[in-house]
*Asks:* 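The structure is given below, and queries will be raised subsequently.
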Amino acid sequence: MKTERSRMSRMSVSANSAFLMVLAAFLIVFPFFVSDYWIDVCVFWGINVLLGLSLNIIVGEVGLFNMGHTAFYAVGAYTAAILSQRFGINMWVLMLLSGVAAAIAGNVLTAPIMHLRGDYLLMVTVGLNEIIRITLINNPFGLTGGPNGLIVLDQFRVFGRVIQSPIDFYVLVWGCVALLLFALFRLQRSRIGRAWNYVREDAVAAESTGINTRWAKSLAFMIGAGIAGATGTIYATKMMVISPDSFTFAASVSLFAIVILGGTGSIPGVILASGAMMVLPELMRDFAQYRMLFFGLAMVLMMIFRPQGLWPSTRWSTRVKGGDAE
Amino acid sequence: MVFFLSQMVNGLTVGAVYALIALGYTMVYGVMRLINFAHGDFFMMGSYLGYTVLVTFLAAVGLPLWLVLLIATAIATLGVALLGVFVERVAYRPLRRSGRLAAVVSALGVSQFLQNAAMLIWGARFQAYPPWAAPDAAWNIGGVSVSLMQLLIIGISLMLMVGLYLFVQRTTAGTAIRATAIDHDTARLMGINVNSVITLIFIIGPALGGIAGVLLGLYYRQIHFTVGWSYGLKAFTAAILGGIGNIPGAMVGGLLLGILEMLGAGYISAAWKDVMVFGILILLLIFRPTGILGERVAEKV
Amino acid sequence: MTMAGSETAMLSLAGVSKSFGGLKAVSDFSLDIAKGSITSLIGPNGAGKTTVFNLITGIYRPDSGTMRFDGASIMSLLPHQVVETGIARTFQTLRLFENLTCFENVVAGQHCRCRAGFIACLLNTAARRREEEKAFKLAEEALRRLGIWQFRDELAKNLSYGDRRRLEIARALATVPKLLILDEPAGGLNEQESNDLMGIIRDIRDSGITVFLIEHDMRVVMGISDRVAVMEYGRKIAEGTPEEVQHNPDVIEAYLGSDEEDDEFAKAGEAR
Amino acid sequence: MSGSRSARLLVSLALLALLSMAQFARAAEPIRIGLQAPITGPWAYEGEMARNSVQIVADEINKAGGLLGRPVEIVLGDDQGQPQQSALVAQRMISEKVVAVVGTYGSSVNDPAAAIYERNKLVNIAYGSTAESLTTHGRKYFFRTCFRDDRQGEFFANFAADTLKAKRIAIIHDNTTFGKGLAEAARRPILAQGKAEVVFYDAITPGERDFTAILGRMGRTNPDVVYFTGYYSEAGLIIRQMRTLGIKAPFVGGNAAVNDEFIKIAGIDIAKGALMTQEPLPTDLDYPESKAFVAEYVRRHGEAPSSPWPVYAADAFKVICAAIEATKSTNSDVLMNYLHNNLKDYPGITGPISFDAVGDREGAIYLAYEVFGEGDFRPRR
């Protein structure tokens, strides 16, 4: 039993790598065979993957309930839009700035309640989402353009080439995904990633083993929010127009569902689930009216029959080379 | 002063309904540590069931109005309670050992399902309770207008809340609920059937939501399948405000939230009202993490 | 031999009190623990022993009194800061990271000894790698010392009870503590396992780590302790060598006079 | 999960994706014109009517021999009333190489699509997006057959001051792109004209049902008229709660309040006499084109379209076809120039159509409607 389990976990790790390789191959070949439309679908898929992965740090790695993640996405998108409109700052700089702005927002607003029980944090993040959305609508100081939102004219530039066509965005977004995956991989295998998992498993034990749980939680929240904010910049340049309609509580809920349905803490899970969220509605078009009904039903059934998610989390667990045989 | 009093009356009306719905959240949370995101939709279903009964069956029968309303409320309450028990059996019970996140997502799925089911059954457009059903009487007391429906809503809600409180504090079944809320395993050792307790919770909570649904249907007339979401969110906020898991807390939280909303919209700005409500919630949690009446709850060790 | 104010005291508690809602869990508790000794804290269930541990390790903050460790006050430290100063602990009810491997469980102890921040981890700097190598080596040592190295890749939840007890001690040792606090380490162990445990604890002491433990198993207590302190109703009623304590009339009274009280209080003490 | 099972899952997912792509790879002979509309989602009802209306026009043209000897074909894109979906639909229209696009309904949904059409130089004619901001970005390929919010706002300002003789006006909106846009468009001319003052201006939250607090505050300002620019569902509640609170000022709704449900929710006794500013309903249009169109719609679907918007969609489609016919071209720039400069008083279903320099429709026809009986909105005499 024991050895079996451990072997299985090793096999799943290789399945993870296999998944990523198949995905990479698919993504490289895909654009040569399809129209701009399908490339665009994949651009939004990639954006959702970025968001899902960023939320996964908070929900999956550390086990914090965050059901208001689009708030940080909105902070990022609006920071980029406002600064670009007023000061014409370079988009790459803005991406960094909006990431930082979202990270600060995430930290300042959740730090005081970080130590509370999970459900309170959930409620606070929901409240935060509403506060930010309503504030955007109410157009404080004429900054956010109210319900109409803001126009984003500037675009990313790479060596003078303007990122504009679907394929440009495709490369940009999936390039960011690759970078993020690499960063996550590094973090997961470091003391930070391990600390996150200790906190998720048992926060009291972690604290008593010398881990500053508050630091671990805040760091996860800041990184997750920051990535969502930076993604907001990409979204803003892709859409060219952003409005509060894109940052609703419902969007946060579906993001939350993506993470859990995919398999909490699982990177392939997030990628698969957000892909399914994009493609399934297209395929179910004929059932238009019943679509969301089935969707709700599927969520329930999925949790009953596969509570661990589409592709359950398999961590790259820390192992030591050498030593004696089992 | 007159304006202030009118706002208080309006706030109490809305708050009483929040409190009724919040009770369902708080009881389920207290016993199962589950945020039942579908609870607002039980409330919505209550509105629709009451509407259907009123429109299809009772419109023609020549019974007196109060009896008609009583029957409609009873049927809606019963229907929603059955629905609650069914949902618990199907969507929550199999997940009791699968972790809390799974249950939360399942609840979100149920909510999605119920909303869309209601849309398919009753249509995507707004429906309105028949005008003959809602008593229109209103009085003007020193400039403060008070309608019969408002009094009914406040009165019935308070009665139900006090009744529930007494039930939980004084009866054997209530003791079983309280014991289960503290610890499932200990309760089981004491010979309490935890499953029965949970079923009971899923009868009472949705039933209260169902009654609230009919009352608000009569009060506002307009009903829509999305209404459960916003009321659910507010009621859950109320439950947290008062201290989740705590029955008097849900009442206090609900009433307070209703009054806060009305004063905020009445004196400051309706557009910023929700920002204020959630802002107050966050501040409260910072300074009093367990809500107004919440006791310090031991984190499970 | 009086310990009070002694220069060899590793940990010294003076007049420490803690009450929960009017209930005095610990009152005016004073104790000095000598460097390099094994000290046991015994007493009937609900006497407040675990509360003392929770006070030392920063889970609770005392209402009054002073606590000094290695010359510095630890009154206002958070639990993880207490660990950093060199106090490691185990729990009465096991608290392992169940879904992680044994190795990962133990490496947790080294977290507070490492410094790599977000950027260093992201860039995988040489300093970070060196630091981690050292951490892994210490974790390996701890696992080997407890004789559970062969389970390193096993998930903690799959281990036998006795091995889980050992794993928790290994995790505490991996923090490289000066003082190791064990809450009923022999609880639930059979005689053979208890004997092994006694050997392990002696080894730990011999390697220079001071040990402070709560234990109900008198065979273990009398077998390894240099000194024993006895608590009843939140107070210290006796202290001395095992022999002294065994013959102390108050202690005998306390143990005979009280049947197995329900340990609800002890549980409540640990919960927060 | 074992490795081979996950591999199988991946293969099937990839196959699924390929299959669904194949569906869009067919070559096209006819002239293809896009229709972007909310076929599902909260505005599904509007989307469906727009689709029906455009279909009627397309069928007529095809029956008469098509365009330049080729049949016209509608390429339908469902934006679900969501900004992100809207951007995707726009990209699909470009991939599908349509000649021009009709759409869409919601203003905030239209913006991202219009930006993409503009970049790809594709003529697009909105039919329900009335927000002013849409024609303030200097877009050359964007047009609309519906009128801008500010025209309705202006109409209300004049109507309130001249017809209702109001001095103190209260305006409530619902914080949506549309509702807030119209509210601002009404407030501006009132302030500019100086004939009346705006004594109250605030927003409600759509989806809520208790507005007594905000109405109570409004009541204290003693308005002569109350203008609510949101949707019928909230409008019905607002007028009823106003009357319960004893506020007797006339109630005027914007064009989103015109709906039978308004009367049902408010109750007929209260709703009677309520006023609405809006574009003429299809059934109230006097042009021969409109009578024929409504007759055909009723023949096919059993009832006349219940809102003005689908008819604007039909007009947008007609205008595109007229431009293709006149220029004998499907080139976007040619069409764009023609629509800006040469199309004058084209006889549309909703009256004569010409576009100004920014793509807005010239002129404006608004009426004040009044509630007379159950389900009975009639233009006020």
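First the proteins, then the strands, lettered A, B, ... as listed; each starts at 1. The figures that follow rest on heavy atoms only: side chains count, while hydrogens, waters and symmetry mates do not. In this text, all values refer to a predicted model and were calculated from it rather than measured experimentally.
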*Asks:* Considering only heavy atoms, which portion of B:Leu285 lies under 4.5 Å from any heavy atom of chain A: side chain, backbone, both, or neither?
*Replies:*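 Both the backbone and the side chain of B:Leu285 come within 4.5 Å of chain A.
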
*Asks:* So, for A:Ile304 and B:Pro94, which heavy atoms are closest and what is the spacing to 0.1 Å?
*Replies:*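 Looks like CG2-CB, 4.0 Å.
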
*Asks:* Non-hydrogen atoms of chain B under 4.5 Å away: do they reach the side chain of A:Phe65, the backbone, both or neither?
*Replies:*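 Just its side chain gets close to chain B.
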
*Asks:* With only heavy atoms counted, which part of B:Trp272 is less than 4.5 Å from chain A, the side chain, the backbone, both or neither?
*Replies:*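 When you check distances to chain A, atoms from both the backbone and side chain of B:Trp272 fall under 4.5 Å.
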
*Asks:* Name the region of B:Leu95, side chain, backbone, both or neither, that has any atom closer than 4.5 Å to a heavy atom of chain A.
*Replies:*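 Side chain only.
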
*Asks:* Which atoms of A:Val259 come close to chain B, meaning under 4.5 Å heavy atom to heavy atom: side chain ones, backbone ones, both, or neither?
*Replies:*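 Neither part, no heavy atoms under 4.5 Å.
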
*Asks:* Where is the tightest heavy-atom contact between B:Phe113 and A:Leu293, given as atom of each residue plus distance?
*Replies:*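 Closest heavy-atom pair between B:Phe113 and A:Leu293: O-CD1, 3.4 Å.
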
*Asks:* With side chains defined as the heavy atoms from C-beta onward, is the minimum distance between B:Phe278 and A:Leu128 less than 4.5 Å?
*Replies:*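 Not touching, per the 4.5 Å side-chain cut-off.
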
*Asks:* Using non-hydrogen atoms only, which part of A:Met302 is less than 4.5 Å away from chain B: side chain, backbone, both, or neither?
*Replies:*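 A:Met302 has no heavy atom closer than 4.5 Å to chain B.
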
*Asks:* Quick one: what part of B:Tyr92 sits under 4.5 Å from any heavy atom of chain A, side chain, backbone, both or neither?
*Replies:*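 For B:Tyr92, there is no contact with chain A at all, as no heavy atom is under 4.5 Å.
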
*Asks:* Considering only heavy atoms, which portion of A:Ile132 lies under 4.5 Å from any heavy atom of chain B: side chain, backbone, both, or neither?
*Replies:*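 When you check distances to chain B, no heavy atom of A:Ile132 falls under 4.5 Å.
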
*Asks:* Take A:Glu130 and B:Leu233 through the test side chain to side chain contact (heavy atoms under 4.5 Å, CB included) and record every step on the way to the result.
*Replies:* CA-CA 11 Å; A:Glu130 285 301 282; B:Leu233 191 60; 4.3 Å; yes

*Asks:* Give, as side chain, backbone, both or neither, the part of B:Val104 having an atom under 4.5 angstrom from any heavy atom of chain A.
*Replies:*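 Side chain only.
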
*Asks:* Is B:Asp274 reaching over with its side chain to a backbone N or O of A:Ile134, donor-acceptor style, under 3.5 angstrom?
*Replies:*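 Pair absent, no side-chain N/O of B:Asp274 close to backbone of A:Ile134.
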
*Asks:* Counting only heavy atoms closer than 4.5 Å, note whether A:Ile137 contacts chain B via side chain, backbone, both or neither.
*Replies:*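 The answer is neither part of A:Ile137.
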
*Asks:* At a heavy-atom separation under 4.5 Å, does A:Thr135 approach chain B through its side chain, its backbone, both, or neither?
*Replies:*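 The answer is both parts of A:Thr135.
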
*Asks:* Name the region of B:Ile35, side chain, backbone, both or neither, that has any atom closer than 4.5 Å to a heavy atom of chain A.
*Replies:*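 Looking at B:Ile35, just its side chain touches chain A.
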
*Asks:* Please classify the contact of B:Phe37 with chain A as side chain, backbone, both or neither, using a heavy-atom distance under 4.5 Å.
*Replies:*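 Only the side chain of B:Phe37 comes within 4.5 Å of chain A.
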
